[in-house]
Structure formats: structure tokens, C-alpha cells
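What follows is a set of notes on a single structure, which appears directly below.
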Protein chains: 2
Amino acid sequence: MNDCSYVHTFTYGDDSLAEIHPEHAHIIEQTKANMPSDEILEKTAEVFKVFGDKTRIRILAALSEGEMCVCCLCDLLEMSQSAVSHQLSVLKAARLIKSRREGKQMYYSLDDAHIGAILCTGISHVEED
Amino acid sequence: MNDCSYVHTFTYGDDSLAEIHPEHAHIIEQTKANMPSDEILEKTAEVFKVFGDKTRIRILAALSEGEMCVCCLCDLLEMSQSAVSHQLSVLKAARLIKSRREGKQMYYSLDDAHIGAILCTGISHVEED
DNA sequence: AAAATATATGAACGATTGTTCATATGTTCA
DNA sequence: TGAACATATGAACAATCGTTCATATATTTT
């Protein structure tokens, strides 16, 4: 068991507890107050989950060069049309990409400037080793 | 089947193919040339995969306010010590956080400025709705 | 209208993941 | 040294995920 979790009960009358980590309670309360809501954090995790797959990252990296149709992506990634299309629908549902139709073809592109920025920072983090 | 993937064979003698999407081949080749290597993209996906979990995002959000010990995180997140510790080890293995020991306690903090930036941009993307 | 083309989608299956439970390791204090 | 405390870790199990295969939908062409 871990008594540290009871520090925030503010038992200042009891020296044996109060003296150990009197500042932890403040840190916990303050951090809790400054953090985004659980709902926001959950949605953020869902967004990153979509970034967290090699196929989808490759698609995003390709689209960051400009819009592209499904068949080009299949060719570029050397993957089946079905696999690519499934991942495109995941990316679209998460609003990381958007689409437009031109005749028989669908053209996909990054939804938003944030997407390129997140991708770019992630790549920079990996490259700096 | 999807003939679009054969456009880049440059069959300019065959009008029926060459006229459909003569520019696709260039787009594919140029995109391929500009994209980061598959190895970089795979590593990038692995990094985002680590961001893609609610518990880990909550830990990162907490640590972006400053370093914190394991017991404080357990209290803050209202989760078991084991669950938190397991996720801390995942975050550490991916070098998203670093640790230092002070007596019996381990203090964790964000590893790098990129981590806070990625988290922050992700949250911004979610909040702008 | 029928055939061809481009893309989307449901079912299924193996692979990966996050938690819990039990226990091990490392540090301090008496 | 032994007890208490703080954290780490292995095994296991349910749940989630990404691909393949088969098929459906939408658009254009003949």
C-alpha cells in the first residue's frame, strides 16, 4: 500500500504525516486545476491513436505533400485498395483528412494546419537522435 | 481491379492510358522522393502510439505542469499504482518522459520540449470545435 | 442499359494492448 | 538486520485493432 496518497487529507495536527510531503497536496490540487478536462484529454488521446499506425502515418506524410487520390496512395504505399480505403475512413472519421470527389475519383487532403504541425513535430522528435 | 496504379508505366504510345492521368506518375514519384524514409515514419508512428492512450495522455498532461512522483500521479489519476507504473515504463521506454530518484520516490518529467509541443498542439486541435 | 472503373464496407481472424493480481526490487528508518 | 515504504514487473485475460476477402455502391463510358 502507498500512504503518499493520503497526504492531501491535510492532517497537519499529525506531525508524522504532515511533515513527510506537505507540498504534495498542493501540487496535486494545483495540477488538477490546471489540467484540461478529462473529456478533452480523452478526445486528444483518440486523435493521437489515429496517428499511431504506420500505414496512417504514411498516408498523412504523403498528403502533406498535397492532395492525392486513393489509387495513387495504393500505388505509393504498395498496399491493397481495401486496406488503404479502410484507413482513409479512420482518418476521415477522426477529421485528420477531408475528401472531395472528382468524377470517379476521391481526392484526400489534410483537414487542418494542426495535422501537418503535429506530424512534423513528431518526425522532428524522431529525427533528432 | 484498379488500372490507375498502372499509369506510372508511362505507356505514352497507348493513348487510352496515357491521356487519363498523365500527371499521376509525377505526383507519385515526387511525393515518394519528398517523404521521410519508411524507417522514420515507422518510428514516428510508434511515438504517436504512445500518445494514443487516455491514461498516458493524462500522465503527460500532469507532467507538463512539472515533475511529479508516482504516488502523486496515482492520487491525481485515481488509478492503481501498478497501472500507473506500467504506463510510466511505456512512456519512459519511448523516451517521452525521464525519471530521477529522490530517496524512496521516483520523480518523472517530460523528456523533451517536443513532447509538450506535440501534446499542446493535439489539445488545441481538439479544443477548436 | 450494361460494362468498366474507382472507392467503400461488413465479417472474420490473428495480433497487439491495458489492466489486474501477485510478487519482486530498491530505499530508508529503527 | 528487519520492517515499512515506494516503485517495478511478469503472467494472464478481455478488449481493441489492422488486414484480407468478398461484395456493395457510385460514377463514367459505350
Side-chain angles (χ1 to χ4, degrees), chain A residues 1-7 15-17 19-21 24 42 45-46 48-60 67-94 97-108, chain B residues 1-7 15-17 19-21 24 42 45-46 48-60 67-94 97-108:
Chain A
M1 195 71 89
N2 185 343
D3 277 350
C4 180
S5 48
Y6 297 108
V7 168
D15 289 349
S16 65
L17 276 181
E19 283 180 351
I20 304 176
H21 313 299
H24 281 188
E42 171 138 39
E46 291 307 311
F48 283 125
K49 194 173 290 180
V50 177
F51 278 93
D53 174 76
K54 187 188 180 182
T55 296
R56 290 191 294 260
I57 282 285
R58 291 172 76 213
I59 291 174
L60 293 172
E67 70 169 8
M68 205 171 281
C69 63
V70 179
C71 56
C72 283
L73 284 168
C74 293
D75 191 346
L76 183 63
L77 307 182
E78 298 179 66
M79 288 184 62
S80 73
Q81 180 269 316
S82 180
V84 171
S85 222
H86 272 294
Q87 297 307 339
L88 285 170
S89 81
V90 171
L91 287 162
K92 183 139 186 235
I97 61 175
K98 58 193 174 190
S99 63
R100 74 179 176 85
R101 180 178 281 280
E102 189 175 307
K104 276 180 279 191
Q105 304 184 8
M106 295 291 292
Y107 281 86
Y108 285 91
Chain B
M1 197 69 91
N2 186 345
D3 276 350
C4 181
S5 47
Y6 297 107
V7 168
D15 290 349
S16 65
L17 275 180
E19 284 179 349
I20 305 177
H21 313 299
H24 280 189
E42 171 138 39
E46 291 306 312
F48 283 125
K49 195 173 288 180
V50 178
F51 278 92
D53 173 77
K54 187 188 180 182
T55 295
R56 291 191 295 262
I57 282 285
R58 291 172 76 213
I59 291 174
L60 293 173
E67 71 170 7
M68 206 170 283
C69 64
V70 180
C71 57
C72 283
L73 284 168
C74 294
D75 191 348
L76 183 63
L77 307 181
E78 299 179 67
M79 287 184 64
S80 74
Q81 180 269 316
S82 180
V84 171
S85 222
H86 272 295
Q87 297 306 341
L88 286 169
S89 83
V90 171
L91 287 162
K92 182 137 187 236
I97 61 175
K98 58 193 174 192
S99 62
R100 75 179 175 85
R101 179 178 283 278
E102 189 174 307
K104 277 179 280 190
Q105 303 183 9
M106 295 291 291
Y107 282 85
Y108 284 91

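Naming convention: chains lettered A, B, ... in sequence-line order (proteins, then strands); numbering from 1 in each chain.
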Self-check item: Interatomic distance, A:H86 atom NE2 to A:Q81 atom CD [nearest 0.5 angstrom]
Solution: 9.0 Å
Exercise. Please state how far atom CD in A:E102 lies from atom P in C:dT5, giving the value in whole angstrom units.
Key: 19 Å
Quiz item: Any side-chain N or O of B:Y107 under 4.0 Å from OP1/OP2 of D:dT7?
Solution: no
Quiz item: Using the ring of each side chain (for Trp, its six-membered ring), is B:F48 parallel, tilted or perpendicular to A:F48, with breaks at 30° and 60°?
Solution: parallel
Exercise. Using atom CD of A:Q105 as one end and atom C1' of D:dT29 as the other, report the distance to the nearest whole Å.
Key: 14 Å
Practice problem: Please report, rounded to the nearest Å, how far the P atom of D:dT9 is from the CG atom of B:L88. | Solution: 11 Å
Practice problem: For the side chain of B:C71, starting at C-beta, report the closest nucleotide among C:dT9, D:dA8, D:dT7. | Solution: D:dT7
Exercise. Specify the separation, in whole Å, of atom CE of B:M106 and atom P of D:dT7.
Key: 9 Å
Quiz item: With distance as the sole test, does A:R56 use its side chain to make a donor-acceptor pair with the main-chain N or O of B:A45 at under 3.5 Å?
Solution: no
Self-check item: From B:K54 atom NZ to B:L77 atom CG, the distance as rounded to the nearest 0.5 Å
Solution: 10.0 Å
Quiz item: Roughly how far apart are A:E46 CD and B:D53 CG, rounded to 0.5 Å?
Solution: 9.0 Å
Practice problem: Without swapping roles, check the side chain of B:R101 against the backbone of B:G103 for a donor-acceptor pair under 3.5 Å. | Solution: yes
Practice problem: Could you tell me the separation between the CG atom of B:L91 and the C1' atom of C:dG18, rounded to a whole number of Å? | Solution: 13 Å
Exercise. Rounded to the nearest angstrom, tell me the gap between atom CG in B:L73 and atom C1' in D:dA6.
Key: 13 Å
Quiz item: In whole angstroms, how far is the P atom of D:dA3 from the NZ atom of B:K104?
Solution: 15 Å
Exercise. Measure from CG on B:L77 to C1' on D:dT7 and round the result to the nearest Å.
Key: 15 Å
Quiz item: Got a second to check how far A:I97's CD1 is from A:Q87's CD, nearest 0.5 Å?
Solution: 10.0 Å
Quiz prompt | side-chain N/O A:R101 vs D:dT27 OP1/OP2, d < 4.0 Å | solution = yes
Got a list of protein N/O to nucleotides 13-23 of chain D N/O distances below 3.5 Å?
residue: D:dG18; atom: OP1; partner: A:R56; partner atom: NH1; Å: 3.1
residue: D:dG18; atom: OP1; partner: A:R56; partner atom: NH2; Å: 2.7
residue: D:dG18; atom: OP2; partner: A:R56; partner atom: NH1; Å: 3.1
residue: D:dT19; atom: OP1; partner: A:T55; partner atom: OG1; Å: 2.6
residue: D:dT19; atom: OP2; partner: A:Q87; partner atom: NE2; Å: 2.6
residue: D:dT20; atom: OP2; partner: A:S80; partner atom: OG; Å: 3.2
residue: D:dT20; atom: O4; partner: A:H86; partner atom: NE2; Å: 3.3
residue: D:dC21; atom: N4; partner: A:S82; partner atom: OG; Å: 2.7

